[in-house]
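Heads up, the thing below is written out as structure tokens.
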Amino acid sequence: MNPTAELGSSHGWRLLRGVLDDGREVFAKAGAASEVFASEVAGLRWLGEATVVPEVVEVGPDRLVLSWVREEAPSAAAAERFGRSLARLHRAGAADFGAPWPGFIAELPMDNSPCSAWPDFYASRRVLPFLRQARLPSSDVALVERAVERFAEVAGPAEPPARIHGDLWNGNVLWSGGSGVLIDPAAHGGHRETDLAMLALFGLPYLDRVLGAYREEFPPAEGWRERVPLHQLHPLLVHVVLFGGPYRDGLMNAVRAVLAL
């Protein structure tokens, strides 16, 4: 790859735009050797069986090279196509809650070992491990642990594992080709409401159109909107671990909402 532009950095990785010898434009991440790149590739290829993701050009212990995604302005029509595409991705399903590759969100490891029930998976593989890293006051920890004890009660009707992106904030949806292209996954078999809750956490252009088309294709279970704070506990804990106190209020508001379900 011949680098043409430095795009900054993210979580310690250099971000680059480049051109291959055959003229194809590519995007690259580079940094210290890590399992992160192989994990991302496994997730991209798995999601790519059911939706649009960048092509994996090259992967190594210290780099990942992907096809360049030419971005365009979002539109209502593109949002609706993305909503239907996301529904089809979720319906593609997974063998278990979890995944057969090591999990990461940003540079933080996540346990992807399989579990048969989503409330157990969410508590033991997602929320509690990050709670132990978050350095919250003991009173906050106690409230989160109370919420965790309610997961089975408030999770809604049991559903089979969905094929989810796992970190679906708006920065990981690139508008291209008249729809959304998914990047930077933390992909695993999970609960489909997790992806919907992540879209709501930081907003997305035309989100109402995305959700409307999603509901036409694959209606969520009754009460899913009330469960949004439940599914936001993990990403908010991740942000507390990565960035500290500014996300504490949002986390604790979500905890109180779960306790009120």
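What you are looking at is a predicted structure, and each value in this text was computed from that prediction instead of being measured. Heavy-atom basis, side chains included; hydrogens, waters and symmetry copies ignored.
By the 6.0 Å contact criterion, CZ on R14 is open, its count of non-hydrogen atoms from other residues, nucleotides or ligands being 12 or less. A 6.0 Å sphere centred on CD of E72 holds more than 12 heavy atoms belonging to other residues, nucleotides or ligands. Applying the 6.0 Å contact sphere to CD of E49 captures more than 12 heavy atoms from other residues, nucleotides or ligands.
Every residue was checked against the side-chain hydrogen bond (donor to acceptor under 3.5 Å, both in side chains) condition with S179, not counting sequence neighbours, and none meets it. Residues meeting the salt bridge (charged side-chain N to carboxylate O under 4.0 Å, His left out) test with D22, sequence neighbours left out: R24. Under the side-chain hydrogen bond (donor to acceptor under 3.5 Å, both in side chains) criterion, R256 pairs with N253, sequence neighbours left out.
Checked for salt-bridge contact, E149 and R146 miss the test: no charged N lies under 4.0 Å from a carboxylate O. Using a cut-off of 4.0 Å between Lys/Arg side-chain N and Asp/Glu carboxylate O, R84 and E217 are scored as not salt-bridged. Using a 4.0 Å cut-off between charged side-chain N and carboxylate O, R17 and E6 make no salt bridge. A salt bridge links D184 with K29: the closest approach of a Lys/Arg side-chain nitrogen to an acidic carboxylate oxygen falls below 4.0 angstrom.
For A187 against A99, the heavy-atom pair with the smallest separation is O-CB, 4.1 Å. When every heavy atom of P54 is checked against every heavy atom of V181, the shortest pair comes out as CD-CG1, 3.9 Å.
A heavy-atom distance below 4.5 Å is not found between the side chains of R132 and V141. With a 4.5 Å cut-off on side-chain heavy atoms, F37 and W13 count as touching. V154 has its side chain out of reach of R227: every pair of non-hydrogen atoms, C-beta onward, lies at least 4.5 Å apart. When side chains are defined from C-beta on, V258 counts as touching L233, because their heavy atoms get closer than 4.5 Å. The side-chain heavy atoms of E35 and W101, taken from C-beta on, include no pair separated by under 4.5 Å. In this structure, L236 and V255 have side chains that are not in contact, with every pair of non-hydrogen atoms separated by 4.5 Å or more. Side-chain atoms of V65 and V59, non-hydrogen and from C-beta on, never get closer than 4.5 Å to each other. Taking 4.5 Å as the limit, every side-chain heavy atom of S176 sits out of range of all side-chain heavy atoms of E71.
Taking the six-membered ring where tryptophan is involved, the planes of H11 and F243 are tilted, since the angle between them lies from 30° to 60°.
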Ring pair (Phe, Tyr, Trp, His ring centres under 6.0 Å) between H231 and W224, worked out | CA-CA 10 Å; H231 292 269; W224 73 272; 9.6 Å; no
T51 vs R88, side chain to side chain donor-acceptor pair (under 3.5 Å): CA-CA, chis, key distance, verdict | CA-CA 8 Å; T51 195; R88 291 191 292 270; over 6 Å; no
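Between Y122 and H191, a ring centre-to-centre spacing not shorter than 6.0 Å is recorded. With ring centers used as reference points, F130 lies 6.0 Å or more from H239. Taking the six-membered ring for Trp and the full ring otherwise, H90 and Y214 have centroids separated by under 6.0 Å.
No donor-acceptor distance shorter than 3.5 angstrom exists from the side chain of R209 to the backbone of A78, with no hydrogens or angles considered.
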